[in-house]
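Just so it is clear, the model here is predicted, and its values are computed rather than measured. Indexing begins at 1, ligand by ligand and atom by atom, following the structure's order. Count residues from 1 along the sequence.
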Amino acid sequence: MTDYKKIRIALDGPSGAGKSTIAKKIAEKLGIVYVDTGALYRTVGLYSIENGISADDVDSIKASLKNIDLRLAYEDGAQKVYLNGVDVGDRIRTPEASRYASAVSKIPEVRAFLLDVQRNIAAAGGVIMDGRDIGTVIIPDAELKVFMSATPEARADRRCKELAEKGMPQPYEDVLRDIIERDRNDREREASPCVPAPDAVQFINDDYGIEESADYIIGLIK
Ligand code: DC
């Protein structure tokens, strides 16, 4: 069996392409660790929410960083984020936390603040890291970089199904507009925009299911 103890895989791409589900599957199959870097931005956002800082108050968000101690832990293959010693759990998964994560991720000081924790995890090896700038900024010398996306229409379709299954249906047009808007923000922001590294494999997975996408990337890894 091949040993993946040292490998570092960067999996970048816009929201809704299935990065986290697919990365988790790959990690499980190869016995490596899945690192969810979006959780770090969500946690910085959570600190602002819980301390009454508004999402557009850049100065207060920057000042809050000195009060934030972030730690990542991996327990039974699952990632936990500790904010000042307390597991954030699902508090980082609310729609408000998503909105704050998007706001704080535009601030260069926040990105710089989260650099070391991400690079330290990467340095250990045996990781697949999902995010927006893993291949361009965090580990530009990763053994494999994949930029995974799907057309906005395919992602909107998937998202609508997901929301309907959760009993929260939304009109397709609204979901699609949201995705296009978020893509533009991610791609056009000045600090670490979400763009493929020049040497990344670009993978558009419109016609691939979760399992097939995971197998395709595992093929690249092998
Ligand atoms: O992947 P996610 O939805 O959990 O990410 C939350 C937010 O953080 C999203 O707005 C994009 C941003 N993000 C980022 O800018 N860079 C990363 N490496 C990961 C996430």
Side-chain angles (χ1 to χ4, degrees), residues 8-27 33-49 55-56 58 61-62 64-65 68 70 72 78-81 83 88-122 127-140 142 145-150 152 155-156 158-159 162-163 175 178-197 200 205 210 213:
R8 296 158 307 155
I9 304 159
L11 180 61
D12 290 304
S15 325
K19 290 191 303 297
S20 62
T21 316
I22 292 163
K24 255 182 229 161
K25 269 212 180 305
I26 295 169
V33 172
Y34 162 55
V35 181
D36 166 11
T37 63
L40 298 170
Y41 293 90
R42 289 172 178 274
T43 302
V44 171
L46 179 71
Y47 184 89
S48 283
I49 295 172
D56 57 10
V58 174
I61 293 170
K62 282 197 244 174
S64 76
L65 296 174
I68 296 179
L70 266 186
L72 282 176
Q79 171 177 297
K80 286 195 171 174
V81 186
L83 168 59
V88 296
D90 283 340
R91 285 179 295 150
I92 58 170
R93 302 290 164 197
T94 64
E96 195 185 20
S98 298
R99 191 167 65 78
Y100 266 76
S102 171
V104 305
S105 71
K106 292 193 192 108
I107 305 173
E109 286 81 354
V110 170
R111 305 201 73 89
F113 175 73
L114 296 176
L115 195 66
D116 281 351
V117 57
Q118 294 177 84
R119 287 208 174 135
N120 287 340
I121 292 270
V127 290
I128 177 164
M129 298 179 70
D130 104 40
R132 306 294 188 282
D133 61 345
I134 308 303
T136 49
V137 177
I138 307 298
I139 30 173
K145 302 177 197 176
V146 180
F147 192 87
M148 187 171 75
S149 189
R155 285 182 281 143
R158 294 175 190 164
R159 182 79 186 131
E162 219 177 87
L163 289 166
V175 173
D178 227 50
I179 286 177
I180 292 172
E181 171 72 22
R182 245 190 311 165
D183 281 2
R184 189 167 42 237
N185 282 341
D186 268 2
R187 203 175 46 234
E188 293 178 2
R189 71 170 175 231
E190 265 172 53
S192 309
C194 180
V195 292
N205 70 5
I210 301 288
S213 295

Would you say ligand 1 has an N or O under 3.5 Å from any N or O of [X]?
{"X": "S98", "answer": "no"}
{"X": "R93", "answer": "no"}
{"X": "D186", "answer": "no"}
{"X": "R42", "answer": "yes"}
{"X": "Q118", "answer": "no"}
{"X": "S15", "answer": "no"}

Heavy atom of the protein closest to [atom] (residue, atom name, distance):
{"atom": "atom 1 (O) of ligand 1", "answer": "R132 NH1, 3.2 Å"}
{"atom": "atom 8 (O) of ligand 1", "answer": "Y41 CB, 3.6 Å"}
{"atom": "atom 10 (O) of ligand 1", "answer": "S102 CA, 3.3 Å"}
{"atom": "atom 20 (C) of ligand 1", "answer": "G38 CA, 3.6 Å"}

Please tell me if the side chains of [X] and [Y] come closer than 4.5 Å, counting only heavy atoms from C-beta onward.
{"X": "I107", "Y": "V44", "value": "no"}
{"X": "R189", "Y": "D186", "value": "yes"}
{"X": "L163", "Y": "V175", "value": "yes"}
{"X": "I139", "Y": "K145", "value": "no"}
{"X": "E96", "Y": "I49", "value": "yes"}

Given I138, which of R8, R132, Q118 fulfils the side chain to side chain contact (heavy atoms under 4.5 Å, CB included) condition?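 Of the listed residues R8, R132, Q118, the side chain to side chain contact (heavy atoms under 4.5 Å, CB included) partner of I138 is Q118.
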So, Y100 versus R42: side-chain donor-acceptor pair below 3.5 Å or not?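 Checked: Y100/R42 side chains show no N/O donor-acceptor pair below 3.5 Å.
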Any sub-3.5 Å donor-acceptor pair from S102's side-chain atoms to S98's backbone N or O? no
Okay, side chain of D183, backbone of P152: is any donor-acceptor separation there less than 3.5 Å? no
Would you say R111 touches ligand 1, if touching means a heavy atom closer than 4.0 Å?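 Yes, that is the case, since the closest heavy atom of the residue is under 4.0 Å from the ligand.
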Would you mind running through ligand 1 and noting each atom that sits below 4.0 Å from a heavy atom of [X]?
{"X": "R189", "value": "14 (C), 15 (O)"}
{"X": "A101", "value": "6 (C), 7 (C)"}
{"X": "G131", "value": "17 (C), 18 (N), 19 (C)"}
{"X": "D133", "value": "18 (N)"}
{"X": "S105", "value": "12 (C), 15 (O)"}

Closest to atom 18 (N) of ligand 1 by heavy-atom distance, out of T37, D36, L40, is T37
Between the side chains of D36 and K24, is the shortest nitrogen-to-carboxylate-oxygen separation below 4.0 Å, so that they form an ion pair? no
Pair K19, D12 - check salt bridge (charged side-chain N to carboxylate O under 4.0 Å, His left out), show working. CA-CA 8 Å; K19 290 191 303 297; D12 290 304; over 6 Å; no
